[in-house]
Amino acid sequence: MHTEKLDAGCPKDIARAGEILRNGGLVGIPTETVYGLAANALDGKAVSKIFAAKGRPADNPLIVHISEFSQIYPLVETVPPVAERLAERFWPGPFTMILPKSAIIPDEVSAGLPTVAIRFPSHPAAQAVIDAAGVPLAAPSANTSGKPSPTLAEHVIADMAGKIDAVLDGGPCNVGVESTVITLASNPPRLLRPGGITPEELQSVLGEIKIDPAVLNPLEEGEKASSPGMKYKHYSPKANVILVDGDFDQYCDYVNTHKEEGVMALCYDGEEASLEVSALSYGGEKDYQQQARELFDALRELDERNAKVVYARCPKPEGVGLAVYNRLIRAAGFEVIQLG
Ligand code: AMP
Ligand code: MG
């Protein structure tokens, strides 16, 4: 299949993306979080092509994207007042809520669950494509399953060229990690995946929020995942990523005494010069938003540089840093060296 390259700044290309989606095709689209691989959410056959292109396990449900709050009503059973309050505060934006689904949501979208995840993205091109398609769009991240999520159109092309109808290039994604996901199908609401909206921000609207244990810890053998995506190895470059938890001096000492062939460092900005191996940074030590924006591109670059083992500075799990930690610890398969 030829994959068309479209420009998000060009109205004709937005219209073309909408046409492909209405006709049951797949388009990689920019959003403020990461690039999504979109299909008509109301067309089970179109949605099943997403799973084939990504190699995504069939039991991992998708998020449905809308371009106006009122579009949520036909997709869910009811919209509770708390959902309205959350939407008022966090939509449009990097925030997803899960509610009991209505009958028009195909099983392919919800992966057989009785619930559906809904998001109203803030990226103008994402909104324009949903409008042009005239239907809600099911869209997981546009990477091959298991790989780091795409934050540039080039990443989507690297994974999906020849497998999807088009990619709409809207430049780099501003948030850089996937949306915050909470479920309102349990009481109190539960955070299933941290993202650009922090637990503190959620608390300010909800009063109380439970953090699902799978946010920070691996699932126990045989344990059921509340969010099926949590159980899979994720975000991984080919290299063996290992988190190193300690202060900068401890990290430096560790890396500089483990500089075997193929070892690389994934450090904070400005630390490269002290390291005696090839190093790549993913943001300032305290700048969690920059870390979120740069992490996935850095993980892809490690592959391009043929890293075999990557010692990564362990992000601080606070604020948006919680989302960075959640992604990086999965990229590392929960392997952490404690030096502190
Ligand atoms: P992705 O779109 O690739 O970022 O993945 C969507 C994430 O949302 C995955 O971790 C899914 O498991 C989760 N998700 C989507 N729908 C549901 C749902 N109905 N219940 C629980 N988790 C969901
Ligand atoms: Mg994903």
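In what follows, residues are counted from 1 in the order of the sequence shown. Numbering of ligands and ligand atoms starts at 1, following listing order.
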Original post:
Aromatic ring centroids of Tyr311 and Tyr254 under 6.0 Å?
Top reply: yes
Subject >> Close side-chain approach of Cys252 and Ser274, heavy atoms under 4.5 Å >> reply: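 Yes, close enough: below the 4.5 Å cut-off.
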Within ligand 1, which atoms have a heavy atom of [X] less than 4.0 Å away?
X	result
Ser141	1 (P), 2 (O), 3 (O)
Ala117	15 (C), 16 (N)
Leu113	18 (C), 19 (N), 20 (N)
Pro140	1 (P), 2 (O), 3 (O)
Arg193	1 (P), 4 (O), 5 (O), 6 (C), 7 (C)
Glu178	4 (O)
Thr115	18 (C), 19 (N), 20 (N)

Subject >> Intermediate values then yes/no, side chain to side chain contact (heavy atoms under 4.5 Å, CB included), Glu272 and Cys267 >> reply: CA-CA 7 Å; Glu272 298 90 333; Cys267 60; 4.0 Å; yes
Subject >> From the candidates Thr33, Asn143, Val64, Ile98, the one that places a heavy atom nearest atom 20 (N) of ligand 1 >> reply: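 Going through Thr33, Asn143, Val64, Ile98 one by one, Ile98 has the nearest heavy atom to atom 20 (N) of ligand 1.
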Original post:
For atom 17 (C) of ligand 1, which candidate among Pro61, Pro100, Ser145, Ala138 provides the closest heavy atom?
Top reply: Pro61
Inspect the contact between [Y] and [X] and indicate whether a charged nitrogen and a carboxylate oxygen are less than 4.0 angstrom apart.
X	Y	answer
Asp269	Lys286	no
Arg16	Glu19	yes
Asp287	Arg293	no
Lys45	Glu108	no

**OP:** Report yes or no: is the cationic atom of Arg313 (NZ for Lys, CZ for Arg) closer than 6.0 Å to the six-membered ring centre of Tyr251, at no more than 45° off its axis?
**Re:** yes
Subject >> Any Arg56 heavy atom less than 4.0 Å from ligand 1 >> reply: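 It does; at least one heavy atom falls under 4.0 Å.
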Original post:
Do any nitrogen or oxygen atoms of Asn60 come within less than 3.5 Å of a nitrogen or oxygen of ligand 1?
Top reply: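 N/O-N/O distance below 3.5 Å exists for this pair.
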Subject >> Within-cut-off N or O pair, Lys54 and ligand 1, under 3.5 Å >> reply: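 Not met; the criterion fails.
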Original post:
side chain to side chain donor-acceptor pair (under 3.5 Å) with Ser179: which of Glu32, Arg193, His65?
Top reply: Arg193
**OP:** Give a yes or no on whether Ser149 keeps an N, O or S atom under 2.8 Å from the Mg ion (ligand 2).
**Re:**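 So Ser149 does not bind the Mg ion (ligand 2) by this criterion.
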